[in-house]
Enquirer: 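Got a structure here, written out as structure tokens. Questions coming.
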Amino acid sequence: IPGEEEPVSPPDGVTGPMFYDIADHWAREEIEAMGEVNVVEGDPDGGFRPDDGLNRAEAAALLYRILGLGTPEAPTEKPFSDVEVDAWYAGYVNELKDMELLFGNPDGTYEPGENINRAEFLSMAMNVYYYISDADTQSAIDDLMEGPMTDMYEDLLENQWYTSEVTAATEMGFVHGSVCNDGRCFYAGNEVTRAEATVMLYNMFYDYLT
């Protein structure tokens, strides 16, 4: 589904394309803006693959870069049973786990190569947003999460593990879903694309980063 999320306000003055495969993409400006603040990176061949899925290792790297802490050191022990200490993403996963911003599966795995869905990525991003927020903002987020479910989406169900976070993120203007039928849908279980994830991060963090 193209254009899952809409930017709050597109950045001005971005030239490019920064990556060869985003010249005509709906999320070009947001991708380039987040590239300029060193959150997203392309491939060695100069592409970004905006419509490909985002895996859990890549998601951890994106969210750690939001914090502006530089490149993490490799861990001395596996943070999860399936994350080797010499993997390129091991430091990102380990640091976020230690900060309690990232969680694995009940069996002790992280599944770094598995693509992440929209609800999972939003949940991780909201953890980071909450972490960097002041007490007043954290309190406002708590109130939204404890309040009634947003009525923006036709497909959002009560009492799912992600319902409160989707509600809070929607009310704060971070996510908007997509047009579906006569309304809008969030598509929580759909794999998030690299472009969609980048636009979510732009909406949430660009002002903070700049």
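Just so it is clear, the model here is predicted, and its values are computed rather than measured. Sequence positions, counted from 1, serve as the residue numbers for this chain.
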Enquirer: Flag the pair Glu114 / Asn55 as yes when at least one side-chain heavy-atom distance between them is below 4.5 Å, and no otherwise.
Expert: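 No. Closest side-chain heavy atoms not under 4.5 Å.
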Enquirer: Distance from Leu101 atom CG to Leu67 atom CG, nearest 0.5 Å?
Expert: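 That separation rounds to 6.5 Å.
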Enquirer: Is Ile141 linked to Ile132 within one hydrophobic cluster, defined over Ile, Leu, Val, Met, Phe, Trp and Tyr using a side-chain heavy-atom separation of less than 4.5 Å?
Expert: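 As far as the 4.5 Å side-chain criterion goes, Ile132 and Ile141 are connected within one cluster.
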Enquirer: Can you confirm whether Asn105 sits close enough to Glu111 that some side-chain heavy atom of one is under 4.5 Å from a side-chain heavy atom of the other?
Expert: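 Yes, their side chains come closer than 4.5 Å.
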Enquirer: Give a yes-or-no answer on whether the side chains of Asn181 and Glu154 include a donor-acceptor pair shorter than 3.5 Å.
Expert: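 On atom types as modelled, these side chains qualify, holding a pair under 3.5 Å.
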Enquirer: Do Glu171 and Met152 come close enough that some side-chain heavy atom pair is under 4.5 Å?
Expert: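 In short, these two side chains do not touch, never coming nearer than 4.5 Å.
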Enquirer: Distance from Leu63 atom CG to Met99 atom CE, nearest 0.5 Å?
Expert: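 One finds 11.0 Å between CG of Leu63 and CE of Met99.
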Enquirer: Once rounded to the nearest 0.5 Å, what's the spacing between atom OG1 of Thr167 and atom OH of Tyr162?
Expert: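 The OG1 atom of Thr167 sits 11.0 Å away from the OH atom of Tyr162.
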Enquirer: Relative to each other, are the rings of Phe205 and Tyr208 parallel, tilted or perpendicular (30° and 60° limits)?
Expert: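 Phe205 vs Tyr208 ring planes: perpendicular.
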Enquirer: List the steps, then state whether side-chain contact (heavy atoms from CB on, under 4.5 Å) holds for Tyr202 with Glu29.
Expert: CA-CA 10 Å; Tyr202 172 83; Glu29 291 183 328; over 6 Å; no
Enquirer: Sorted by first residue and then second, give each disulfide (SG to SG under 2.5 Å) pair with at least one member in residues 132-177; sequence neighbours left out.
Expert: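 Sorted pair list comes back empty.
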Enquirer: Take Leu122 and Phe186 through the side-chain contact (heavy atoms from CB on, under 4.5 Å) test and state the conclusion after the steps.
Expert: CA-CA 11 Å; Leu122 178 61; Phe186 184 71; 3.8 Å; yes
Enquirer: Only counting residues at least two apart or in another chain, list the ones meeting salt bridge (Lys or Arg N to Asp or Glu O under 4.0 Å) with Arg65.
Expert: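 Arg65 satisfies salt bridge (Lys or Arg N to Asp or Glu O under 4.0 Å) with Glu41 once adjacent residues are dropped.
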Enquirer: Tell me, which pairs form a side-chain hydrogen bond (donor to acceptor under 3.5 Å, both in side chains) where one or both residues lie in residues 67-80, sequence neighbours left out?
Expert: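 Residue pairs passing side-chain hydrogen bond (donor to acceptor under 3.5 Å, both in side chains), neighbours aside: Lys78-Glu84.
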Enquirer: Considering only heavy atoms from C-beta outward, does the side chain of Asn94 approach that of Phe80 to under 4.5 Å?
Expert: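 Sidechains of Phe80 and Asn94: no contact.
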Enquirer: Determine whether Phe103 and Lys97 satisfy the following criterion, side-chain contact (heavy atoms from CB on, under 4.5 Å), listing intermediate values before the conclusion.
Expert: CA-CA 6 Å; Phe103 304 94; Lys97 180 187 179 186; over 6 Å; no
Enquirer: Write down the atom of Tyr206, the atom of Met34, and the distance for their closest heavy-atom approach.
Expert: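 Taking Tyr206 first and Met34 second, the nearest heavy atoms are CD1-SD, 4.0 Å.
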Enquirer: Looking at Ile31 and Val40, what are the two nearest heavy atoms and their distance?
Expert: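 Looking at all heavy atoms of both residues, the closest pair is O-CG2, 3.5 Å.
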Enquirer: Under a plain distance cut-off of 3.5 Å, with no hydrogens placed, do Ser123 and Glu165 share a side-chain donor-acceptor pair?
Expert: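 Looking only at side-chain atoms, Ser123 and Glu165 do form a donor-acceptor pair, the distance falling under 3.5 Å.
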Enquirer: Just wondering, do Leu54 and Glu196 contact through their side chains at under 4.5 Å, heavy atoms?
Expert: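 No, every pair of side-chain atoms sits at 4.5 Å or beyond.
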Enquirer: Do Thr170 and Tyr153 pair up side chain to side chain, a donor and an acceptor below 3.5 Å, judged on atom types alone?
Expert: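 Per modelled atom types, Thr170 and Tyr153 side chains form a pair under 3.5 Å.
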Enquirer: Donor-acceptor pair, Glu191 side chain versus Ile116 backbone, under 3.5 Å?
Expert: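 Not confirmed, Glu191 side chain does not pair with Ile116 backbone.
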Enquirer: With side chains defined as the heavy atoms from C-beta onward, is the minimum distance between Arg118 and Met200 less than 4.5 Å?
Expert: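 They are in side-chain contact.
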Enquirer: Applying a strict under-4.5 Å side-chain criterion to I, L, V, M, F, W and Y, I'd like to know whether Leu157 and Trp161 cluster together.
Expert: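 In one cluster with Leu157: Trp161, no.
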Enquirer: With a 4.5 Å cut-off on side-chain heavy atoms, are Val39 and Leu209 touching?
Expert: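 Of all side-chain heavy-atom pairs linking Val39 with Leu209, at least one is under 4.5 Å.
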Enquirer: Which pair of non-hydrogen atoms, one from Val93 and one from Ala60, has the smallest distance, and what is that distance?
Expert: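 Shortest heavy-atom separation between Val93 and Ala60 comes out as CG2-CB, 3.9 Å.
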Enquirer: At their closest point, which heavy atom of Val192 faces which heavy atom of Ala197, and how far apart are they?
Expert: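 For Val192 versus Ala197, the nearest heavy atoms are CG2-N, 3.6 Å.
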Enquirer: Got more than 12 heavy atoms from elsewhere within 6.0 Å of OH, Tyr131?
Expert: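 Counting neighbours around OH of Tyr131, 12 or fewer heavy atoms of other residues, nucleotides or ligands fall under 6.0 Å, so no.
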Enquirer: Would you give the length of the straight line joining atom CG of Asn127 to atom CG of Leu96, rounded to the nearest 0.5 angstrom?
Expert: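 Asn127 atom CG to Leu96 atom CG measures 9.5 Å (nearest 0.5 Å).
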Enquirer: Can you name the closest pair of heavy atoms from Asp82 and Pro112 and give their distance?
Expert: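 Looking at all heavy atoms of both residues, the closest pair is OD2-CD, 3.5 Å.
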Enquirer: What I want to find out is whether Arg194 reaches Glu58 closely enough, with some N-O distance under 4.0 Å, to be called a salt bridge.
Expert: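 Here Arg194 pairs with Glu58 in a salt bridge, since their nearest N and O are under 4.0 Å apart.
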Enquirer: Can you pull out every ring pair (Phe, Tyr, Trp, His ring centres under 6.0 Å) where at least one residue sits in residues 45-74? Sequence neighbours excluded, please.
Expert: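 Matches after skipping sequence neighbours: Phe19-Phe48, Tyr64-Tyr92.
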Enquirer: Got Glu32 and Pro17 here, is their nearest side-chain heavy-atom distance under 4.5 Å?
Expert: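 Yes, close enough: below the 4.5 Å cut-off.
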Enquirer: Could you grab the distance from atom CD1 of Ile66 to atom CE of Met124, nearest 0.5 Å is fine?
Expert: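 The CD1 atom of Ile66 sits 11.5 Å away from the CE atom of Met124.
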Enquirer: Could you walk me through whether Ser81 and Tyr110 satisfy the side chain to side chain donor-acceptor pair (under 3.5 Å) test, starting with their C-alpha distance in whole Å, then the side-chain angles of each, then the deciding distance to 0.1 Å, before giving a yes or no?
Expert: CA-CA 8 Å; Ser81 62; Tyr110 181 66; over 6 Å; no
Enquirer: Taking side chain to side chain donor-acceptor pair (under 3.5 Å) as the test, write out the residues that go with Asp98, two or more places apart.
Expert: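 Scan of Asp98 (side chain to side chain donor-acceptor pair (under 3.5 Å), adjacent residues dropped) gives none.
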Enquirer: Under 6.0 Å from the CG atom of Asp24, do we count more than 12 heavy atoms belonging to anything else shown?
Expert: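 Count not over threshold, so no.
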Enquirer: Considering non-hydrogen atoms only, spot the tightest contact between Trp88 and Ala61 and give its length.
Expert: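 It is CZ3-CB, 3.8 Å.
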Enquirer: Please name all residues satisfying side chain to side chain contact (heavy atoms under 4.5 Å, CB included) with Asn159, sequence neighbours left out, ordered by chain then number.
Expert: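 For Asn159, no residue satisfies side chain to side chain contact (heavy atoms under 4.5 Å, CB included) once neighbours in sequence are set aside.
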Enquirer: Between Ser139 and Asp136, is any side-chain donor less than 3.5 angstrom from a side-chain acceptor?
Expert: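 Looking only at side-chain atoms, Asp136 and Ser139 do not form any donor-acceptor pair under 3.5 Å.
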Enquirer: Quick one: do Leu156 and Val166 satisfy side-chain contact (heavy atoms from CB on, under 4.5 Å)? Show the steps, please.
Expert: CA-CA 9 Å; Leu156 189 64; Val166 173; 3.9 Å; yes
Enquirer: Flag yes if Leu102 and Val85 sit in one hydrophobic cluster, no otherwise; membership is Ile, Leu, Val, Met, Phe, Trp, Tyr, and two members link when side-chain heavy atoms are under 4.5 Å apart.
Expert: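 No, separate clusters.
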Enquirer: Nearest 0.5 angstrom please: Asp21 CG to Asp43 CG, how far?
Expert: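 Reported to 0.5 Å precision, the distance equals 7.5 Å.
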Enquirer: Just checking, is any N or O donor in the side chain of Tyr187 or Asn117 under 3.5 Å from an acceptor N or O on the other one?
Expert: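 No, Asn117 and Tyr187 have no side-chain donor paired with an acceptor closer than 3.5 Å.
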